[in-house]
Amino acid sequence: MDNQDYFHRQIHDMERDRRKQERKEKWEKREKGFWKAFLFTEDGKPKSGLMIYTFCLSFVLLGFYIAAFYLSVEYLTPCMAGFPAFLSNLLQALAASAAGVLMSFLLQKVLPDKRLIFGSHLWLLVYAVAAVITLLIFLSGTGAAGAMFVFFGWFVAIPLTLGLAAGYAMYRHDYAPPASGEEAPEWTKYTRRR
């Protein structure tokens, strides 16, 4: 009986070591992939500060867009009671989008890295695509996918498209890449916007 217990313990220990090794290999694969940018160096600094900053800023923009839509629906709906539904929805979506673009413009002026706003809107695009795919999986066979796309169009596609367009335009206008290798002429430091 003791030999059987000993063998069962040995088998259990071997199984535990195998699972531990599999987890270790899994984490090593993650470090080599996309998530590597979110890990830290040995000094405790992020490997990709831009990725982390845009990821965090995207939640700020997401919250602002949600608040802008809430205020738009809350205060513009009574004013547009006699309007057709299409026009009312379009005006509310454009009002919330304009508030988001204005916020993006203000943040672009304040933030030192001019890539952050456009990068944050790219994260919002990733969230939107993930949400649509998830909802399509959950709504398959229910017949509600059409309503979901209408909702997506008003509340996601319009603000996201305008935000991406404005963010890209501001990025192209404001971003000056760092000089590589050679020093830029003296006069360029006065023309570069920061």
Side-chain angles (χ1 to χ4, degrees), residues 33-35 37-38 46 48-177 191-194:
F34 169 76
W35 299 107
F38 289 99
S48 175
L50 179 67
M51 181 91 71
I52 293 173
Y53 297 148
T54 56
F55 179 73
C56 294
L57 186 59
S58 69
F59 286 108
V60 172
L61 288 177
L62 180 63
F64 186 81
Y65 276 116
I66 290 171
F69 264 108
Y70 173 77
L71 293 174
S72 171
V73 169
E74 188 71 25
Y75 293 109
L76 290 181
T77 301
C79 299
M80 295 184 283
F83 289 22
F86 177 82
L87 183 60
S88 175
N89 288 342
L90 180 63
L91 290 175
Q92 288 174 356
L94 290 176
S97 301
V101 168
L102 178 63
M103 176 61 127
S104 298
F105 179 74
L106 293 174
L107 286 174
Q108 182 80 4
K109 295 299 178 196
V110 173
L111 296 172
D113 191 344
K114 302 306 179 185
R115 302 173 292 176
L116 294 175
I117 296 299
F118 181 62
S120 299
H121 279 89
L122 289 176
W123 275 111
L124 292 176
L125 178 64
V126 170
Y127 305 154
V129 169
V132 166
I133 291 171
T134 304
L135 286 172
L136 284 176
I137 290 170
F138 283 117
L139 295 176
S140 64
T142 63
M148 186 267 303
F149 279 118
V150 170
F151 177 84
F152 177 81
W154 291 122
F155 292 101
V156 179
I158 291 174
L160 187 57
T161 303
L162 291 176
L164 277 169
Y168 183 72
M170 289 185 289
Y171 162 74
R172 294 288 294 166
H173 183 265
D174 290 341
Y175 182 65
T191 60
R192 216 178 266 165
R193 294 182 65 186
R194 293 192 175 173

Any side-chain heavy atom of [X] within less than 4.5 Å of one from [Y]?
X	Y	result
V156	V132	no
L91	L76	no
I117	L111	yes
V150	W154	yes
R115	T54	no
S88	Q92	yes

Identified side-chain contact (heavy atoms from CB on, under 4.5 Å) partner of L57 from the options I52, L62, L107: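 Among the candidates, only L107 passes.
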Assess the residue pair M148 and L136 against the criterion (side-chain contact (heavy atoms from CB on, under 4.5 Å)); give the C-alpha distance rounded to whole Å, side-chain angles, the decisive distance to 0.1 Å, and a yes or no. CA-CA 9 Å; M148 186 267 303; L136 284 176; 3.6 Å; yes
Nearest-0.5 Å distance, [atom1] of residue [X] to [atom2] of residue [Y]:
X	Y	atom1	atom2	result
L135	F149	CG	CZ	9.0 Å
F151	N89	CZ	CG	11.0 Å
F64	F69	CZ	CZ	11.5 Å
S58	L125	OG	CG	11.5 Å
L160	L122	CG	CG	9.0 Å

Where is the tightest heavy-atom contact between [X] and [Y], given as atom of each residue plus distance?
X	Y	answer
K114	K109	NZ-O, 3.9 Å
A99	A68	CB-CB, 4.1 Å
S72	A95	OG-CB, 4.2 Å
S104	L61	OG-CD2, 4.1 Å

Check the angle between the aromatic planes of Y168 and Y171 and answer parallel, tilted or perpendicular using the 30° and 60° thresholds.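 The arrangement is tilted - the two ring planes meet at 30° to 60°.
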Please state whether the rings of Y65 and H121 are parallel, tilted or perpendicular, taking 30° and 60° as the class boundaries.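 Because their plane-to-plane angle is over 60°, the rings of Y65 and H121 count as perpendicular.
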Partners meeting ring pair (Phe, Tyr, Trp, His ring centres under 6.0 Å) with F105 (sequence neighbours left out):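 Applying ring pair (Phe, Tyr, Trp, His ring centres under 6.0 Å) to F105 gives none.
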Do other residues, nucleotides or ligands put more than 12 heavy atoms under 6.0 Å from Y127 OH?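 Yes.
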